[in-house]
Amino acid sequence: MALVIYNSLSRKKEEFVPLHPGRVNMYVCGPTVYDYPHIGHAKSYITFDIVVRYLRYLQYNVLYVQNITDVGHLLDSGEDRILRGAQREKIEPMVLVERYTRAYFEAMDALNVLRPDISPRASGHIPEQIQVIELLLQKGFAYERNGSVYFDIARWPAYGKLSGRDVNEQLAGARLEINEEKRHPADFALWKRAEAEHIMQWSSPWGRGYPGWHIECSAMSMKYLGESIDIHGGGMENQFPHHECEIAQSEAATGVPFVRYWMHHNMVLVNGVKMSKSLGNFTSVQKALHTYNGEQIRFFILSSHYRSPMDFNDEAIKAAAVGLERLHATWHLLRRMEESAPEEGNNAQAEELGERMKNQFEREMNDDFNTPAAIAQLFDHSREINKLLSGPVTRSAVVTVRQMFGQLAGDVLGILPREQQGFMTADPFIHLIVRLREQLRTLKNWQLADEIRCRMLELGVEIKDGKAGSEWQYKR
RNA sequence: GGCGGCGUAGCCAAGUGGCUAAGGCGGAGGUCUGCAAAACCUCUAUUCAUCGGUUCGAUUCCGAUCGCCGCCUCCA
């Protein structure tokens with residue numbers, strides 16, 4: 001069965017067919033870097049990390065662009081978020097941007113989110129944005145007023161097709177004061193005139209100013225991925241107005257469809273309400289990482305579907321983390337058996353299991369990246385593997401199953417423990433201690449053996465004694 | 001007021017017009033075992049918010065009601 005993706009544009013699941021066979025161009029709305037990333041960001045970027053990883057698993061050549069917004073994203077008060085943050089921390093705006101861009105990547109690294117192929121910054125693409133705005137003015141889709149440029153909604157009847165809205169029925173100025181410069185209340189800024197005190201400003205054909213929030217995505221998407229792209233991802237809260245504006249300005253400028261598949265993930269809730277910076281009820285990724293490790297947070301996020309809301313609470317994460325231990329235990333067992341299993345014997349059962357693991361996992365993932373169902377399959381596979389490994393088994397059988405398990409749970413879902421980096425880890429020393437302790441056990445020196453096990457656990461290494469010897473793993 | 005989503009066991013969470021409603025956590029019992037843990041086996045929703053309708057048959061489709069959430073120019 002082929003991959004099916006829920007397309008927000010049609011509100012249906014559609015078979016995925018990329019514009020160019022074998023390659024996928026994908027753009028995801030990145031963070032505005034004025035504060036630490038929170039769990040909501042984690043859900044967003046883990047969601048699209050899975051999309052990229054699975055598409056690559058399916059042998060697509062994926063080019064993944066995710067912007068860094070560092071200008072033009074305004075608060076209700078009209079202040080730029082970046083300038084506000086810079087004032088708060090009493091530093092230069094670009095120092096703030098650099099600080100939180102790094103914090104963002106560090107957090108995503110900890111969550112085992114692969115970095116995008118390109119992470120373009122809005123402030124580094126002012127000429128490209130001006131170019132798109134000029135094109136829109138030439139074609140008559142935009143107008144200039146007092147040094148600001150607005151998109152003319154009246155010239156673009158399709159505005160509202162993504163979010164199912166009729167702009168004329170929306171309450172004009174429901175939350176924001178009506179801007180007298182606009183012809184229609186729904187017209188949105190492509191370029192804003194900068195007052196003298198506004199530090200972040202650039203020269204433009206319309207005077208000193210700065211770009212509107214929406215235009216960066218259109219300009220950078222076009223620059224790196226072309227006029228029509230396969231997948232554009234983002235949060236549901238950005239469906240309107242942000243993505244609606246992107247479609248309008250992009251398609252008005254190029255005359256071709258902007259995005260083939262729009263993907264929107266649902267929100268993270270805290271006690272039933274949305275987690276957001278503006279509500280102040282967010283948990284930063286850094287803070288969550290004090291309590292849980294990256295795989296645990298990632299696994300918890302993947303244990304509900306990306307289009308479902310997710311309530312971030314300790315009870316649920318702890319329960320998920322215990323479940324993840326089962327998958328890790330199977331992984332450790334596979335790794336250990338790979339070294340100890342004999343060469344001789346029959347592999348038919350392992351071949352059959354590996355094939356079934358692959359088919360069942362793909363069946364779930366092909367259904368709009370159904371990670372909770374795919375994880376459920378892994379639990380079933382895990383049980384089967386444990387049973388297989390408790391009987392006579394050959395090394396090549398173990399390798400077959402280990403490779404498949406590693407590919408599905410590790411490469412695609414990214415929930416297996418990662419190899420330690422660096423030229424030397426504690427592993428060989430732990431291994432030595434475990435071996436020595438095994439000798440104590442054969443001598444029935446239970447007291448000392450138990451003390452070593454207990455002290456090692458305090459140091460974060462769990463030792464389990466089995467019939468065939470002792471196993472160990474890091475425990476956090 | 002407009003647009004969209006959700007309500008499945010003690011908790012988390014898939015799913016389907018009809019055979020036994022996945023999986024995880026928790027709980028109960030068992031096998032194994034120096035102990036501990038793991039692993040394995042068995043059990044743990046006559047029922048899918050409520051009420052109607054369509055249908056031979058609905059948790060699934062339709063309508064209404066209740067509850068919760070998001071968006072309506074700030075957000076991942």
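Chain identifiers are assigned alphabetically (A, B, ...) following the order of the sequence lines, protein sequences preceding nucleic acid strands; residue numbering begins at 1 within each chain. Quantities reported herein were computed from a predicted structural model and do not represent experimental measurements. Just the heavy atoms: all of them, side chains too, but no hydrogens, waters or symmetry mates, feed the values below.
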Legend entry - Check: A:D152/A:Y159 side-chain N/O donor and acceptor closer than 3.5 Å: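 Looking only at side-chain atoms, A:Y159 and A:D152 do not form any donor-acceptor pair under 3.5 Å.
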Between [N] and [M], how many Å separate the two [atom1] atoms, rounded to a whole number?
N	M	atom1	result
B:rG27	B:rG1	C1'	49 Å
B:rC71	B:rA76	C1'	14 Å
B:rC12	B:rC41	P	27 Å
B:rG23	B:rC43	P	11 Å
B:rU8	B:rU59	P	16 Å

Ignoring backbone atoms, test whether [X] places a side-chain nitrogen or oxygen under 4.0 Å from the OP1 or OP2 oxygen of [N].
X	N	value
A:R326	B:rC25	yes
A:R441	B:rG34	no
A:R11	B:rC3	no
A:K182	B:rU73	no
A:R453	B:rA36	no

Inset, instruction - Would you kindly compare A:G234 and A:D380 by the position of their nearest RNA chain B nucleotide and give the one closer to the 5′ end? - result: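 On the 5' side of the pair lies A:D380.
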Legend entry - First of A:H242 and A:A376 reached from the 5' end of RNA chain B, by closest nucleotide: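 With A:H242 and A:A376 compared, the 5'-side residue is A:A376.
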Legend entry - Within the 6.0 Å centroid threshold, strictly below: A:H198 and A:Y210: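 Ring-ring flag for A:H198/A:Y210: true, centres closer than 6.0 Å.
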Legend entry - Residue pair A:R363 / A:Q377, side-chain heavy-atom distance below 4.5 Å: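 In contact.
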Legend entry - Side chain to side chain, A:Y306 and A:M263, heavy atoms closer than 4.5 Å: yes
Legend entry - Canonical and wobble pairing (Watson-Crick, G-U, under 3.5 Å) of RNA chain B, dot-bracket with |: (((((((..(((.....[....)))((((((.......))))))....(((((..]....))))))))))))....
Legend entry - salt_bridge(A:R193, A:E195) N-O dist < 4.0 Å: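 Salt bridge between A:R193 and A:E195, a charged N being under 4.0 Å from a carboxylate O: yes.
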Inset, instruction - Sugar-phosphate means primed atoms, P, OP1 and OP2; the rest is base. With that split, encode nucleotides 9-20 of chain B 5' to 3' as B, S or - using protein heavy atoms under 4.0 Å. - result: --SSSSS-----
